[in-house]
2 protein chains.
Amino acid sequence: MTNIRKVAEMAGVSVATVSRALKSPDVVSPETRERVLAAVERSGYRPNMTAVQFRSQRTRNLVVLVPTVANTFFARVISGIQEAASRQGYAVLLCNTMADEQAERDYAAMVTNRQADGIIQLRAFYPFDDQQSLDPLPMVNACEVMDDALCPRVHLDNRAAARVMTEHLVQLGHRRIGMIKGPRLSPLTRDRLRGYQEALEDAGIPPDEKLICPGDFSLASGYRAVASLLEQRQRPTAIFCENDEMAIGAIKRLKEAGLRVPEDISVAGFDDISFARYSDPPITTIAQPAEDFGREAVSLLVSMIEGTDVKRDARRTMPFELVVRNSTGPAPL
Amino acid sequence: MTNIRKVAEMAGVSVATVSRALKSPDVVSPETRERVLAAVERSGYRPNMTAVQFRSQRTRNLVVLVPTVANTFFARVISGIQEAASRQGYAVLLCNTMADEQAERDYAAMVTNRQADGIIQLRAFYPFDDQQSLDPLPMVNACEVMDDALCPRVHLDNRAAARVMTEHLVQLGHRRIGMIKGPRLSPLTRDRLRGYQEALEDAGIPPDEKLICPGDFSLASGYRAVASLLEQRQRPTAIFCENDEMAIGAIKRLKEAGLRVPEDISVAGFDDISFARYSDPPITTIAQPAEDFGREAVSLLVSMIEGTDVKRDARRTMPFELVVRNSTGPAPL
DNA sequence: CGAACCAATGTAACCGGTTACATCGACCAA
DNA sequence: TTGGTCGATGTAACCGGTTACATTGGTTCG
């Protein structure tokens with residue numbers, strides 16, 4: 001492996017000059033620079049980045065913790081992150097954690113280890129031990145955010161969005177509106193549920209626990225949840241699913257039961273993933289500027305890393321939009 | 001930042017003893033070990049991994065280049081990779097490259113840079129300059145493999161799989177079978193196309209260029225391709241899509257044209273992504289052991305890294321399975 | 001009793017860059 | 001002429017671990 005000393009020898013200069021010729025070309029004379037670059041070229045020299053990182057205490061790497069990269073919503077967030085990061089000269093190291101806390105801690109350690117300069121967490125879990133350390137770690141929480149202000153957060157007003165969706169269903173005349181929830185402990189689920197409940201209350205519709213089904217954001221869980229909703233004495237005329245995958249699973253089960261969507265029953269989703277538009281019928285859902293979540297998170301994180309003052313409890317709320325397609329329609333008489 | 005010297009001082013031993021107590025506990029006396037571990041505990045010492053990596057020339061990181069992490073097939077491959085890697089003590093750094101060659105080269109440089117020990121490429125592109133270097137770089141190519149034997153490869157016999165699917169359609173009585181291809185330059189597309197053509201030839205069906213449409217694996221491209229197939233004087237009675245996303249897009253367009261699947265026209269996919277089962281109708285497709293692709297790739301890569309002899313042109317061919325669902329049926333009379 | 005050996009630990013070189021500080025020669029102004 | 005300044009470059013310390021080799025003290029055996 002050719003190192004900086006070999007290059008220095010070839011160019012007939014000191015290692016310091018080689019380093020300078022590569023990192024701050026303007027401080028070496030043009031002739032020397034030429035000579036060094038020629039030697040670099042001839043020797044095929046590539047700096048050993050572990051040495052550079054070790055010495056300079058910077059890596060220009062960002063770690064991103066994603067619960068499931070397969071989720072097309074997260075995929076869009078990721079592409080926003082990558083775009084912004086590469087524009088700012090950072091590489092993105094993606095970690096598909098499957099919501100495993102130990103895996104998240106291990107990857108987060110890359111920051112305390114100095115293998116990465118900062119971390120973006122897309123889940124409501126703080127992966128470090130020192131929750132209250134004085135100098136906040138360079139971390140940003142996006143999408144599903146934590147309640148505690150342990151680091152800057154980029155999020156959606158899930159409560160408001162769920163409320164808008166529920167109001168949409170109410171306006172269509174629905175009064176028995178089922179809900180298929182996301183994972184039990186997710187703040188995202190809690191907020192969407194609250195929005196749904198508030199909208200019902202505003203409309204003077206009494207809450208009904210039996211209409212609220214557990215789910216886990218998977219296609220299969222949407223499918224299963226519908227089975228239990230259909231057993232009810234008085235069936236709902238609309239089902240609000242906390243994400244589009246579950247809506248797709250739900251629709252499948254409804255069709256199997258011989259029900260037409262939306263004539264017999266309406267189904268709403270959340271996220272506006274690409275499959276939502278191609279579903280039969282296309283799904284009414286909440287669209288989020290996913291890429292912007294990523295860009296915003298990177299912008300905050302880079303500010304933290306580069307020393308710009310970012311308040312630990314900074315918070316960016318992103319806009320959402322109700323996208324009405326054909327999976328929702330007037331309540332049957 | 002507490003370092004090994006501080007810990008050594010606290011424990012009243014030398015830095016070498018601290019290092020040994022942590023890395024090879026059996027060579028230090030139990031009492032000393034206790035003392036060191038206590039000091040580590042009290043000081044909150046965490047080894048600086050950049051120093052460890054720099055010194056030991058190993059990182060225990062694997063880079064994985066994925067064209068699009070959102071693709072649910074790749075997501076399964078990734079989870080196989082992660083499972084196998086973590087079992088062998090390696091961390092996985094995922095890179096969503098969007099098939100951008102420069103991005104792939106940049107991330108691949110992490111290996112030549114020594115920021116990672118090896119790389120798994122899920123696309124048919126060799127991201128290093130020195131194609132013919134004497135000591136092969138620790139790289140494994142999986143899923144969409146290159147024709148040149150530049151590194152070990154883990155792949156599917158796409159030709160055989162496409163042939164099986166086409167034979168399935170022929171057996172159902174179809175003689176005008178359209179095809180929606182994947183990206184132009186992909187070897188995967190070329191092989192699947194060849195399998196399709198061979199099956200037609202075996203069945204004595206003359207080839208018809210007009211039945212072969214370009215696509216790019218996206219939902220939208222499947223949708224668009226069907227539009228052009230429907231313009232044909234004599235419409236196909238079956239369409240073989242090179243992946244499930246395009247099949248879903250195709251079905252949507254067919255329904256919009258008032259055609260029933262599979263009564264009026266059959267549609268087949270490839271990959272068996274989770275949405276395939278939830279489509280209406282569920283899609284007939286080719287299932288691949290996606291997780292095994294990942295596990296196999298890691299196994300080969302780790303062997304290369306750890307010096308076990310792996311032939312540069314090693315090649316593992318994974319099995320596939322025809323999954324018949326309801327999107328294919330007998331050809332209409 | 002002394003040589004040989006061994007377990008436990010210490011000393012210090014080393015990995016490959018970066019950079020503070022030193023050095024040197026050219027040029028300029030007093 | 002001389003002291004000061006400045007641009008270009010060299011010297012060497014340093015980052016924080018790992019590990020070859022040296023050292024020490026105790027035990028075993030001829």
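To find a chain, count down the sequence lines: A is the first, B the second, and so on, and within it residues start at 1.
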By the 4.0 Å heavy-atom rule, please label A:Ser19 as base, sugar-phosphate, or nothing.
base
Side-chain N or O of B:Ser29 versus OP1/OP2 of C:dA7: is the shortest distance under 4.0 Å?
no
Of A:Arg20 and A:Thr2, the one whose closest DNA chain C nucleotide lies more 5'
A:Thr2
Could you state the atom-to-atom distance from CE of A:Met49 to P of D:dC15 in whole Å?
20 Å
So, for A:Leu156 and A:Met318, which heavy atoms are closest and what is the spacing to 0.1 Å?
CD1-O, 3.5 Å
Pair A:Gln115, B:Gln53: side-chain N/O donor-acceptor within cut-off below 3.5 Å:
yes
Starting at CD1 of A:Ile4 and ending at C1' of C:dT19, how long is that distance when rounded to a whole Å?
11 Å
Could you tell me the separation between the CZ atom of B:Phe54 and the CG atom of B:Asn48, rounded to the nearest 0.5 Å?
11.5 Å
Nearest-nucleotide pick for B:Arg5, side chain only, options being D:dC15, D:dG16, D:dT11
D:dG16
At under 4.0 Å between heavy atoms, what does B:Thr17 touch on the DNA or RNA strands: base, sugar-phosphate, or nothing?
sugar-phosphate
Does C:dT11 have its OP1 or OP2 closer than 4.0 Å to a side-chain nitrogen or oxygen of B:Ser14?
no
Could you check how far CD of A:Glu34 sits from P of D:dA8, rounded to whole Å?
15 Å
Could you report the tightest heavy-atom contact between A:Ile119 and A:Leu301, atom names first, then the distance?
N-CD2, 3.6 Å
In whole angstrom, what separates B:Gln53's CD from D:dC15's C1'?
15 Å
Paired stretches of DNA chain D - 3 or more consecutive Watson-Crick or G-U pairs, each distance under 3.5 Å
C:1-30 with D:1-30
d(CZ, B:Arg35; C1', C:dG10) in whole Å
13 Å
D:dG16, OP1 or OP2 - any side-chain N/O from B:Asn48 closer than 4.0 Å?
no
Measure the distance from CZ on B:Arg114 to C1' on C:dG16 and round it to the nearest whole Å.
12 Å
Which part of the nucleic acid, if any, lies within contact of A:Val18, taking any heavy atom under 4.0 Å across all strands shown: a base, the sugar-phosphate backbone alone, or nothing?
nothing
Separation of A:Lys23 atom NZ from C:dG17 atom C1', in whole Å?
10 Å
Is B:Arg76 salt-bridged to B:Glu291, cutoff N-O under 4.0 Å?
yes
Considering only side-chain heavy atoms of A:Phe54, which listed nucleotide, D:dT19, D:dG16, C:dC15, is closest?
D:dG16
When the distance from CG of B:Asn113 to P of C:dG16 is rounded to whole Å, what number comes out?
14 Å
